[in-house]
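What follows is one structure encoded as structure tokens, with my remarks underneath.
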Amino acid sequence: MTQRVSWRVRAALICLPLAVVACTAMRPGGSGSGGMSFFVSSVGGGKGADLGGLAGADRHCQSLAAAAGAGGKTWRAYLSTQAKDGVPTVNARDRIGNGPWFNAKGQLIARNVEQLHAANNITKQTALNEKGQLVEGRGDTPNRHDILTGSRTDGTAFSPNDTDMTCGNWTRSGTEGVAIVGHHDRVGPTTDPWATSWNSSHQSRGGCSQQALRGTGGDGLLYCFATN
């Protein structure tokens with residue numbers, strides 16, 4: 001009996017370090033919506049690039065997160081605005097918190113704002129929606145890899161002297177204006193940096209309507225980040 005118990009204790013001691021390592025690996029982001037702090041919205045607002053401004057875009061992110069069980073966090077859309085028509089300049093990078101950010105499966109996206117705008121882990125396989133699902137990219141039908149940002153590659157806003165790059169600071173859904181988009185799958189028609197940029201790839205074509213956004217491979221989707 002004594003020998004049998006000692007072997008059980010020994011086996012438990014051998015397995016314990018392995019269990020600790022496994023738990024530690026999952027702890028930063030966890031699995032499932034509880035540890036999620038980044039996602040690509042599964043749907044757009046439904047009115048093209050008219051999101052109701054930054055406040056409306058944030059509400060959209062918050063609502064999707066809540067439906068996925070992560071509504072206890074404060075969510076912000078990764079969007080910039082230009083100093084036009086009484087709206088101040090807002091940089092997308094300044095409104096999303098400090099990180100780190102994890103997707104719905106607990107995979108690290110970036111540890112901080114600096115890494116997010118340098119060597120981040122945004123790919124088609126990691127830029128999941130709030131349900132933990134892949135978002136269609138180039139080569140899929142439909143292609144939905146154009147994600148609205150209105151931002152430069154470093155996450156800052158365009159100058160007020162530049163043409164409209166934010167569809168009227170996210171209030172337009174017609175033929176007027178354009179929006180800067182990024183490619184969540186990091187794939188474009190070429191391998192040039194602009195074509196593979198996650199946050200500043202090209203302008204929408206034909207305006208700010210849902211139809212115009214879909215025309216270049218988009219659907220009015222957003223990057224959503226938890227600030228806490």
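The structure presented is a predicted model; accordingly, all values stated were derived computationally and were not measured. Keep in mind that the numbers below use all heavy atoms, side chains included, and drop hydrogens, waters and symmetry copies. Residue numbers run from 1 in the order of the sequence given.
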Please answer: with hydrophobic residues joined when any side-chain heavy atoms are less than 4.5 Å apart, are Leu134 and Phe39 in the same cluster? no
Quick one: does Thr81's side chain have a donor or acceptor within less than 3.5 Å of a partner on Pro88's backbone? yes
Between Ser80 and Ala92, what is the shortest heavy-atom contact and its length? OG-N, 2.9 Å
Closest non-hydrogen contact found for Trp194 with Pro189 is CH2-CG, 3.8 Å
Looking at Gly48, is its backbone amide N or carbonyl O close enough to the side chain of Ser209 to form a donor-acceptor pair, meaning the two atoms are under 3.5 Å apart? no
Would the distance check show the side chain of Gln82 and the main-chain N or O of Asp164 forming a donor-acceptor pair, the cut-off being under 3.5 Å? no
For atom CD of Gln211, decide whether the heavy atoms of other residues, nucleotides or ligands shown that lie under 6.0 angstrom number more than 12. no
Should side-chain heavy atoms under 4.5 Å link Ile, Leu, Val, Met, Phe, Trp and Tyr, which residues sit in the same cluster as Leu54? Leu51, Leu79, Val90, Leu148, Trp170, Val181, Leu213, Leu222
Considering non-hydrogen atoms only, spot the tightest contact between Cys208 and Ala212 and give its length. N-CB, 4.2 Å
Contacts satisfying salt bridge (charged side-chain N to carboxylate O under 4.0 Å, His left out) that involve residues 41-53 (not counting sequence neighbours) are Lys47-Asp50
Considering all heavy atoms, the nearest Leu64-Ser41 contact: CD1-CB, 3.5 Å
With heavy-atom distances below 4.5 Å as the criterion, would you say the side chains of Asp85 and Asn169 are in contact? no
Sorted by first residue and then second, give each salt bridge (charged side-chain N to carboxylate O under 4.0 Å, His left out) pair with at least one member in residues 182-210; sequence neighbours left out. none
Check the pair Phe158, Ile180 against side-chain contact (heavy atoms from CB on, under 4.5 Å), reporting the backbone distance first and the verdict last. CA-CA 10 Å; Phe158 286 87; Ile180 292 293; 3.6 Å; yes
Indicate yes or no for a side-chain donor-acceptor contact from Asn103 to the backbone of Lys105 under 3.5 Å, with no hydrogens or angles considered. yes
Shortest non-hydrogen contact from Gly207 to Ser204? O-OG, 3.1 Å
Side chain of Asn143, backbone of Arg138: donor and acceptor closer than 3.5 Å? yes
What's the separation between atom CG in Asn129 and atom NZ in Lys131, rounded to the nearest 0.5 Å? 6.5 Å
With disulfide (SG to SG under 2.5 Å) as the rule and sequence neighbours excluded, what pairs involving residues 106-152 come up? none
Looking at CG of Asn120 and OG1 of Thr126, how far apart are the two atoms once the value is rounded to the nearest 0.5 Å? 8.0 Å
Residue pairs involving residues 124-152 (criterion ring-ring contact (aromatic ring centres under 6.0 Å, His included); sequence neighbours excluded): His145-His183
With sequence neighbours left out, what residues match Pro160 under side chain to side chain contact (heavy atoms under 4.5 Å, CB included)? Ala83
With sequence neighbours excluded, residues passing ring-ring contact (aromatic ring centres under 6.0 Å, His included) with Tyr223: Trp198
Distance (rounded to the nearest 0.5 Å) between Cys224 SG and Lys73 NZ: 13.0 Å
Residues passing the side-chain hydrogen bond (donor to acceptor under 3.5 Å, both in side chains) test with Glu136, sequence neighbours excluded, are Arg144
For Ser197 and Asn199, run side chain to side chain donor-acceptor pair (under 3.5 Å): C-alpha distance rounded to whole Å, both residues' side-chain angles, the deciding distance at 0.1 Å, then the answer. CA-CA 6 Å; Ser197 174; Asn199 68 338; 3.2 Å; yes
Please check: side-chain N/O of Asn91 versus main-chain N/O of Ala157, any donor-acceptor pairing under 3.5 Å? yes
Drop me the distance from Asn228's CG to Arg76's CZ, to the nearest 0.5 angstrom. 9.0 Å
Can you tell me how far apart CD (Gln107) and CD1 (Ile122) are? Round to the nearest 0.5 Å. 12.5 Å
Under the side-chain hydrogen bond (donor to acceptor under 3.5 Å, both in side chains) rule, what pairs show up with a residue in residues 51-60, not counting sequence neighbours? Asp58-Arg95
I need the minimum non-hydrogen distance between Arg93 and Asp154, along with the two atoms involved. NH1-O, 2.7 Å
Could you tell me which residues satisfy side chain to side chain contact (heavy atoms under 4.5 Å, CB included) with Ala67, sequence neighbours excluded, listed by chain and number? none
Is the CD atom of Glu176 crowded by more than 12 outside heavy atoms at less than 6.0 Å? no
So salt bridge (charged side-chain N to carboxylate O under 4.0 Å, His left out) across residues 117-129, not counting sequence neighbours, yields Lys124-Asp140
Nearest 0.5 Å please: distance from the CG atom of Asn121 over to the CG atom of Leu116. 11.0 Å
Under the rule for salt bridge (Lys or Arg N to Asp or Glu O under 4.0 Å), what residues qualify as partners of Arg214, not counting sequence neighbours? Asp219
If only atom types and distance count, is the side chain of His184 paired as donor or acceptor with the main-chain N or O of Val135 below 3.5 Å? yes
Can you spot which of Trp101, Phe102, Phe225, Trp75 makes a ring-ring contact (aromatic ring centres under 6.0 Å, His included) with Phe38? Phe225
Is there side-chain contact between Met165 and Val178, with at least one heavy-atom pair below 4.5 Å? yes
